[in-house]
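As structure tokens, the structure follows; a few thoughts come after it.
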Amino acid sequence: MVLAEIKEKIAALKEERKAVILAHNYQVAEVQELADHTGDSFELSRIAAESEAEVIVFCGVHFMAESAAILAPDKIVLLPEAVAGCPMADMVAPEELRQWKEKYPDAAVVVYINSSAAVKAESDICATSANAAAVVNSLHARRVIFAPDRNLAHFVSRHTDKEIIAWPGYCITHHRITPQDIERARRAHPGAPVIVHPECRPEVVEMADAVLGTGGMIRYVRETEATEIIVGTEAGMIYRLRKERPEIKFYVPGTGLVCPNMKYTTPEKVLSALEKMQHRVTVAPEIRERAAEALRRMLAVPSA
Ligand code: 13P
Ligand code: SF4
């Protein structure tokens with residue numbers, strides 16, 4: 001089936017099912033193009049919760065669809081590709097986190113949005129790439145377990161005087177960017193500011209002009225006077241940024257900055273999701289309640 005035909009069928013089914021299509025900023029161009037909204041992981045879950053739609057087709061990875069299901073329990077949330085997961089989110093399991101809680105009973109537990117609902121349910125509060133430091137600084141505890149991203153935990157530790165006990169997880173894609181990649185990119189494009197995601201290694205974060213989640217990168221690009229920018233994050237972001245400012249030249253440092261899980265979703269799979277109402281993502285009520293509470297606490301943090 002050609003793309004135009006797929007798009008036509010999707011549009012008709014969307015209407016019939018009262019569905020909305022959400023796509024993360026790392027999705028392939030064709031999927032971004034057919035989405036009603038593109039955004040970062042948490043923005044999209046909020047849109048899902050506030051939308052009038054009855055069905056949410058979440059083009060992203062499993063934890064994102066789960067966050068939408070936590071915030072919008074009355075809606076049907078579909079993940080077009082069942083196996084699209086986040087390897088970093090899989091680096092922490094609820095049982096392991098419970099062991100850490102026993103080991104550090106005085107520590108508060110902050111869990112990055114890139115985690116399963118069961119892990120969120122074990123936390124005191126959630127955090128995103130945009131608000132992690134504000135969330136940690138809002139807590140009374142002197143020590144904080146931060147899971148699962150050790151790089152984001154390190155970034156937070158530079159913006160707080162609390163002791164951060166970092167879970168050893170990391171993003172296999174962002175971890176690929178090395179200081180040498182940044183140096184090479186700077187040499188090739190002198191004067192271009194470097195913006196990186198806080199999931200990058202501390203040595204890379206140290207070299208950046210700005211450290212931003214994908215939503216923050218879009219806002220930065222909207223406002224910048226730069227004509228060239230080096231962007232240290234997953235390569236799909238470049239398509240999203242070019243749409244904002246087509247006249248700016250964007251460069252990715254290094255090679256292979258692709259999150260394979262983000263690329264599993266295709267227009268064909270979006271169509272199948274709507275035709276077969278698959279793959280439904282649900283969260284058990286007892287987990288959902290506790291995970292929702294951790295997300296609500298995050299939303300109550302000023303500037304978070
Ligand atoms: P954002 O929340 O910044 O969109 O990041 C999601 C993600 O998976 C980064 O790798
Ligand atoms: Fe997970 Fe990294 Fe992929 Fe984001 S880019 S979904 S953190 S593996």
Side-chain angles (χ1 to χ4, degrees), residues 22-28 31-32 35 37-48 58-68 71 79-81 83-92 110-116 119-120 126-135 146-156 167-177 195-201 204-205 208 210-221 231-241 244 252-254 256-265 281 295 298-299 304:
L22 310 180
H24 187 264
N25 295 321
Y26 295 161
Q27 289 289 295
V28 297
V31 171
Q32 291 196 29
H37 304 278
T38 49
D40 70 24
S41 29
F42 191 61
E43 271 163 15
L44 291 178
S45 304
R46 277 174 108 162
I47 293 172
F58 210 121
C59 306
V61 294
H62 191 266
F63 78 82
M64 298 179 182
E66 245 190 359
S67 300
L71 293 176
L79 186 65
E81 169 50 66
V83 302
C86 167
M88 174 163 71
D90 294 341
M91 290 177 192
V92 55
V110 178
V111 156
Y112 187 27
I113 189 116
N114 294 39
S115 58
S116 67
V119 164
K120 288 185 179 76
C126 288
T128 72
S129 53
N131 63 24
V135 164
F146 192 99
D149 185 11
R150 68 179 188 224
N151 291 339
L152 182 58
H154 186 272
F155 177 66
V156 168
W167 197 268
Y170 63 96
C171 165
I172 49 177
T173 304
H174 286 89
H175 218 64
R176 292 178 73 112
I177 308 175
I195 60 175
V196 303
H197 198 281
E199 289 174 14
C200 292
R201 296 160 187 262
V204 166
V205 164
V211 184
L212 302 160
T214 65
M217 285 182 178
I218 292 169
R219 288 186 286 280
Y220 177 98
V221 161
V231 184
T233 194
E234 208 276 343
M237 193 66 201
I238 302 301
Y239 180 79
R240 182 67 190 82
L241 294 177
E244 288 295 326
V252 173
L257 283 185
V258 171
C259 172
N261 284 276
M262 281 284 181
K263 308 302 174 195
Y264 289 152
T265 310
V281 175
L295 286 170
M298 173 183 86
L299 290 173

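Everything quoted here is computed from the prediction, not taken from an experiment. In each ligand, atom 1 is the first atom listed, and ligand 1 is the first ligand listed.
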Ligand 1 versus H174: contacting region, heavy-atom distance under 4.0 Å: side chain
Part of S41 with heavy atoms under 4.0 Å of ligand 1, whether side chain, backbone, both or neither: both
Best match, S129, C171, C259: closest heavy atom to atom 3 (Fe) of ligand 2: C259
4.5 Å side-chain heavy-atom contact, H174 and T233: yes
Protein heavy-atom partner closest to atom 10 (O) of ligand 1 - residue, atom, separation in Å: E199 OE1, 2.8 Å
Protein contact of atom 5 (O) of ligand 1 - nearest heavy atom, named by residue and atom, plus distance: H197 NE2, 3.3 Å
Contact between [X] and ligand 1, counting heavy atoms under 4.0 Å?
X: N114; result: yes
X: E43; result: no
X: F42; result: no
X: M88; result: no

Provide the number and element of each atom of ligand 2 under 4.0 Å from a heavy atom of [X].
X: M88; answer: 7 (S)
X: P87; answer: 8 (S)
X: E199; answer: 2 (Fe), 7 (S)

Side chain to side chain contact (heavy atoms under 4.5 Å, CB included) partner of R240, chosen from T214, V221, N25: N25
Whether C86 has an N, O or S atom under 2.8 Å from atom 2 (Fe) of ligand 2: no
